[in-house]
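Beneath this line is the structure, given in structure tokens, with notes to follow.
Here the structure is a predicted model, which means the values were calculated and not measured.
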Amino acid sequence: MSGPKAFRIVTRAEIISICRRSLARLGAAIEFWTSTCRRNGTIDQSDIDRVIARRDEIHRMLDADRFTDLQKQVIAEISYLSADAERRAEKAAESEAKRKGDQRRAKSAAQALLAKFEASHIEIPVDLRRELTTPAASVESLNKAISNGLMLLQPTDRSEGVTERQRALADRLGAGDRRITLEEWTSQQTGASDDQALLKVDKLLGELAGLGIDPSPFSARIAALEAEPRARQALVADSLLLDLNSAIKTGRARARLERDLAERDAELSEMKSAEAAALRVEIEQSIAKAGSNDQELVKRADFLIEAEVRSMAAKERRRAVLEGLASLGYEVSEGMMTAWVSGGRVVLRKPANPGYGVELSGGSQTDVMQVRAVGIGDPVEARDAGRDRDMETIWCGEFERLQSLVAKAGGNVSIESARPVGQYPLKVVEDLAARPADVDVAGTRHLSRQ
């Protein structure tokens, strides 16, 4: 198949550009993972160092021309970081829910101990009362205060008005002079801390915190829920749980959008056009402050990235073909690439084969190019069919050499379609250089004989 050919070419520059954009996306994914996990308090410097080490290893693949491995590793690492961030966020939410549950249990135990003191007519130090009643007291400080308070209880307590449950506790305290432990006291207290509705609220509040959402708008409703009798808490909690879930859904959507915008911003950073720079400013402003057109920004970024990549790829493909043909002895002049773009085609001569050349076309709107051997001369003059056929055959060998040159440079040329030698008469293009200067070149530019 040595006649006209349609072919695709992927250049080394194009492959490197793809890899650099992939690495930019990886960088954005690492930043997103780091900020998310730091906000959740689920990573330390050693975790970050391991991720950075993997990133550097992937970067080194670019220098080693391991382009395919690099792209596979980038996809795998971004997927891992996304899953790991979600796993850590869930772990943080569970930890936050446990902390709130522990704090609620500690407060309940502290209130029960104060009630015990009141029922037992035991005077307690002012400092201890303050520690047991401080609203913002930590679990640790409450537990310490409860432990100190338990030491003041007298095992022989039979005060009037004491409940049967408290009498049983006093009996236990008096058995063998054994005092009840903090864990035993806390476990015997029942109340809001054991309610499933509040446990669900705690879990959702942990998720809100993991998304960086301020939970304070829900504080009054949560406090009201805690004050409700246990029998009503499930009913009162329904609307609160719905609103918390709605806030989480909105927060997750915003987090995904910010991640998408950050990845587009990273890709655009590899492009040097004024349009890319202007769009990056818009994206960075959007990430800093949510706007109503953020999803549209993602679409605009995708469109611009695709257009810039297509333009760059087409330019590098034309450059690779022209440089390859130049190394094969064809005349390539300055401005020929521009002429190819503006005219849609260009003809290259080869001094070693007077009267013959090759015509290149396509590659601007699609990634498919066409090439064919052509005669250069007067389209109306008679042709030597045998000679034309020989030149098509010679071009077949030269095209194979062009493929090898592109491959050696790190690219690839694949044939989409090819016609046999002689299937069509050799196309002849007019030799404009041989025409007199006063001839209307523009009017005869496209004359040819198929």
Side-chain angles (χ1 to χ4, degrees), residues 39-41 89-120 124 126-150 153 162-163 165-166 169 180-252:
R39 183 172 61 234
N40 293 331
E90 183 176 355
K91 180 180 177 182
E94 292 173 352
S95 177
E96 178 65 9
K98 183 180 183 303
R99 185 191 69 80
K100 287 182 177 295
D102 290 345
Q103 187 171 40
R104 192 173 287 115
R105 279 187 290 273
K107 286 183 178 180
S108 178
Q111 291 169 358
L113 184 58
L114 287 170
K116 175 67 175 176
F117 287 141
E118 293 293 332
S120 304
I124 63 173
V126 174
D127 289 347
L128 179 58
R129 181 177 294 277
R130 183 175 62 252
E131 291 169 357
L132 290 171
T133 56
T134 300
S138 66
V139 174
E140 292 76 12
S141 63
L142 281 173
N143 285 341
K144 182 178 179 181
I146 293 169
S147 295
N148 292 334
L150 289 173
L153 287 176
V162 175
T163 65
R165 186 166 174 273
Q166 290 170 333
L169 175 61
I180 190 170
T181 66
L182 170 65
E183 291 76 13
E184 289 172 329
W185 174 266
T186 302
S187 67
Q188 291 176 21
Q189 310 310 314
T190 59
S193 61
D194 301 313
D195 190 84
Q196 291 300 310
L198 283 170
L199 293 177
K200 291 177 181 178
V201 169
D202 289 342
K203 179 68 161 41
L204 295 178
L205 287 174
E207 292 189 49
L208 277 182
L211 292 168
I213 299 174
D214 180 14
S216 61
F218 300 98
S219 298
R221 295 171 66 184
I222 295 169
L225 176 63
E226 291 175 335
E228 289 284 348
R230 293 193 68 198
R232 282 181 43 81
Q233 282 183 347
L235 179 64
V236 174
D238 284 344
S239 63
L240 175 60
L241 291 172
L242 285 173
D243 290 343
L244 285 170
N245 276 304
S246 177
I248 289 171
K249 182 179 179 181
T250 301
R252 286 173 177 168

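- For the pair Arg39 and Glu96, the salt-bridge criterion is not met [side-chain N within less than 4.0 Å of a carboxylate O].
- Side chain of Ser141 to main chain of Ala137: no donor-acceptor pair is present (N/O by atom type, distance under 3.5 Å, no hydrogens or angles).
- Asp243 has its side chain within reach of Arg221: a pair of non-hydrogen atoms, C-beta onward, lies under 4.5 Å apart.
- Shown here for Glu131 and Leu142, the closest heavy-atom pair between the two residues is O-CD2, 3.6 Å.
- For Lys107, the salt bridge (charged side-chain N to carboxylate O under 4.0 Å, His left out) criterion is met by no residue, not counting sequence neighbours.
- Taken to the nearest 0.5 Å, the NZ atom of Lys144 stands 10.0 Å off from the OG atom of Ser138.
- A salt bridge (charged side-chain N to carboxylate O under 4.0 Å, His left out) check over residues 201-219, counting only residues at least two apart or in different chains, returns the pairs Arg104-Asp202, Lys203-Glu207, Glu207-Arg252.
- Atom OG1 in Thr133 sits 7.0 Å away from atom CG in Leu114 (nearest 0.5 Å).
- For the residue pair Thr134 and Arg130, the shortest heavy atom distance occurs at OG1-O, 2.6 Å.
- Remark: the Ser216 side chain and the Ser219 side chain contain no N/O donor-acceptor pair separated by less than 3.5 Å.
- Between Gly210 and Asn40, the shortest heavy-atom contact is CA-OD1, 2.7 Å.
- Using modelled atom types, no side-chain atom of Gln111 and backbone atom of Ala106 make a donor-acceptor pair closer than 3.5 Å.
- For the pair Ser95 (side chain) and Lys91 (backbone), a donor-acceptor distance under 3.5 Å is absent.
- Within the model, atoms CD1 of Ile213 and CG of Leu205 stand 11.0 Å from one another, a figure rounded to the nearest 0.5 Å.
- From Leu208, atom CG reaches atom CG of Leu211 across 6.5 Å, with rounding to the nearest 0.5 Å.
- Here the OG atom belonging to Ser239 is positioned 9.5 Å from the CG atom belonging to Leu244, to the nearest 0.5 angstrom.
- The local environment of CZ in Arg129 is sparse, with at most 12 non-hydrogen atoms from other residues, nucleotides or ligands closer than 6.0 Å.
- A salt bridge does not link Asp102 with Arg99: none of the charged nitrogens is closer than 4.0 Å to a carboxylate oxygen.
- Pairing each heavy atom of Ala234 with each of Ala197, the nearest pair is CA-CB, 4.2 Å.
- Phe117 contributes atom CZ, which lies 7.0 Å from atom CG of Leu132 (distance to the nearest 0.5 angstrom).
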